[in-house]
Amino acid sequence: MGESFNSKLQWFLLLLFFFISFSRSADAYKNYTVGDSLGWFDNLQKPTVNYGKWVAGKNFSLGDFLIFNTDNNHSVIQTYNFTTYKSCDYDNALNNDTIQWSSTDPSSTSVYPVSIAVPLLKIGTTYFFSGDYDGEQCQNGQNFKISVTRGQGLPRSLRNPSDDDSEAPMSPISGDDESVPDTIVPASFDHPHEVSDDSPEPSNSVSLSTFSKFFGTQLNWIFVVVGLAFSIC
């Protein structure tokens, strides 16, 4: 009887480890394409765009990226200052709370596509808007705010070299075109598959969501483990 119980207990622990391994990669860093297929534009250019609706239901964490697919007539401004965001104007923004990731190109004689990758580096509320043309694009719907949680924390690739275990972001920069971070990437940009600082090599584990889809069901492994525990008893 004792041997049978020990055997069941071993199987239970093995299955528990199995499901935990599956779930580890479920919280990997994510890319979010702003506006999905509509991209990053104002309502004058794309009347159906609604960034408040796009944000709803999404969970943003440190280390995630926002991908802005737009053109050279629209800018990407990130700020932690609500007043700057509300005014749709970054001209008087402080140099530690606002970043101009991309600016418009008034000298261009033609419109061309632009993709900007913006990493989320600070916990809390973050605001985004297009800040050119006297705030017209921002006032016409090209703005949104998100709440960023800690999640897995910043990967090493996004940390300030002077901060070993700190969650502090790299210093934002405000100013003219010369201060715009060089983050233009193709629309097919893919976030590095870095799951944790201690696992630089790609993981061979399958995510729980993939496992669930494979079997055609939304598997809740917690209930499965609890059920197994009761069967042992």
Side-chain angles (χ1 to χ4, degrees), residues 17-36 40 54-55 57-70 75-81 85 90 93-103 114-128 144-175 177-211 221:
F17 175 79
F18 175 80
F19 284 115
I20 290 174
S21 297
F22 268 122
S23 64
R24 283 185 63 192
S25 61
D27 296 326
Y29 299 113
K30 298 180 178 69
N31 294 334
Y32 292 96
T33 300
V34 176
D36 295 325
W40 177 237
W54 175 79
V55 168
K58 291 181 174 61
N59 298 312
F60 302 96
S61 302
L62 291 177
D64 290 347
F65 271 79
L66 300 185
I67 312 300
F68 292 80
N69 292 326
T70 186
S75 65
V76 178
I77 307 298
Q78 177 186 14
T79 184
Y80 303 108
N81 188 319
Y85 171 71
Y90 64 98
L94 300 177
N95 63 1
N96 65 347
D97 64 15
T98 302
I99 312 169
Q100 182 181 218
W101 290 99
S102 175
S103 62
V114 174
S115 288
I116 307 296
V118 176
L120 300 180
L121 304 172
K122 185 176 180 179
I123 297 172
T125 303
T126 303
Y127 307 94
F128 293 91
F144 67 91
K145 66 177 180 178
I146 62 174
S147 180
V148 180
T149 62
R150 186 184 186 283
Q152 300 179 98
L154 287 174
R156 285 202 178 119
S157 59
L158 293 178
R159 292 181 190 173
N160 189 318
S162 63
D163 300 323
D164 293 333
D165 297 314
S166 173
E167 299 300 343
M170 295 183 292
S171 298
I173 300 174
S174 174
D177 293 353
E178 292 182 357
S179 68
V180 177
D182 184 14
T183 61
I184 297 178
V185 294
S188 59
F189 172 84
D190 190 20
H191 192 289
H193 298 290
E194 185 174 359
V195 176
S196 70
D197 293 338
D198 298 324
S199 305
E201 295 298 325
S203 172
N204 292 324
S205 63
V206 181
S207 70
L208 181 61
S209 60
T210 302
F211 178 82
W221 65 269

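No experiment lies behind these values; they were computed from the predicted model shown.
- With sequence neighbours left out, Ser75 forms a side chain to side chain donor-acceptor pair (under 3.5 Å) with Ser130, Asp132.
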For this session: List the steps, then state whether side chain to side chain contact (heavy atoms under 4.5 Å, CB included) holds for Ile99 with Thr79.
Result: CA-CA 6 Å; Ile99 312 169; Thr79 184; over 6 Å; no
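- Shown here are the ring-ring contact (aromatic ring centres under 6.0 Å, His included) partners of Tyr32, two or more places apart in sequence or in another chain: Phe60.
- Residues Tyr127 and Gln78 have side chains that never bring a donor and an acceptor to within less than 3.5 angstrom of each other.
- Taking each heavy atom of Leu154 and Gly63 in turn, the nearest pair found is CD2-N, 3.8 Å.
- Counting all heavy atoms, side chain and backbone alike, Val55 lies closest to Lys145 at CG1-O, 3.8 Å.
- Taking both residues in full, the closest heavy atoms of Ile77 and Gln100 are given as CD1-CG, 3.5 Å, listed atom of the first, atom of the second, then distance.
- The shortest side-chain heavy-atom distance between Ile116 and Ile67 does not fall under the 4.5 Å cut-off.
- Remark: Asn59 pairs with no residue by the side chain to side chain donor-acceptor pair (under 3.5 Å) rule, at least two apart or across chains.
- The shortest side-chain heavy-atom distance between Tyr85 and Thr126 does not fall under the 4.5 Å cut-off.
- Remark: Ser61 pairs with Thr149 by the side chain to side chain donor-acceptor pair (under 3.5 Å) rule, at least two apart or across chains.
- Evaluation of the ring-ring contact (aromatic ring centres under 6.0 Å, His included) rule for Phe68 yields Trp40, Phe128 as partners, not counting sequence neighbours.
- A pairwise comparison of heavy atoms in Trp54 and Leu66 identifies CH2-CD2, 4.3 Å as the closest pair.
- Partner of Tyr29 under the side-chain contact (heavy atoms from CB on, under 4.5 Å) criterion, chosen from Asp64, Leu120, Leu62: Asp64.
- Under the 4.5 Å side-chain criterion, counting only non-hydrogen atoms from C-beta, Tyr80 is not in contact with Thr125.
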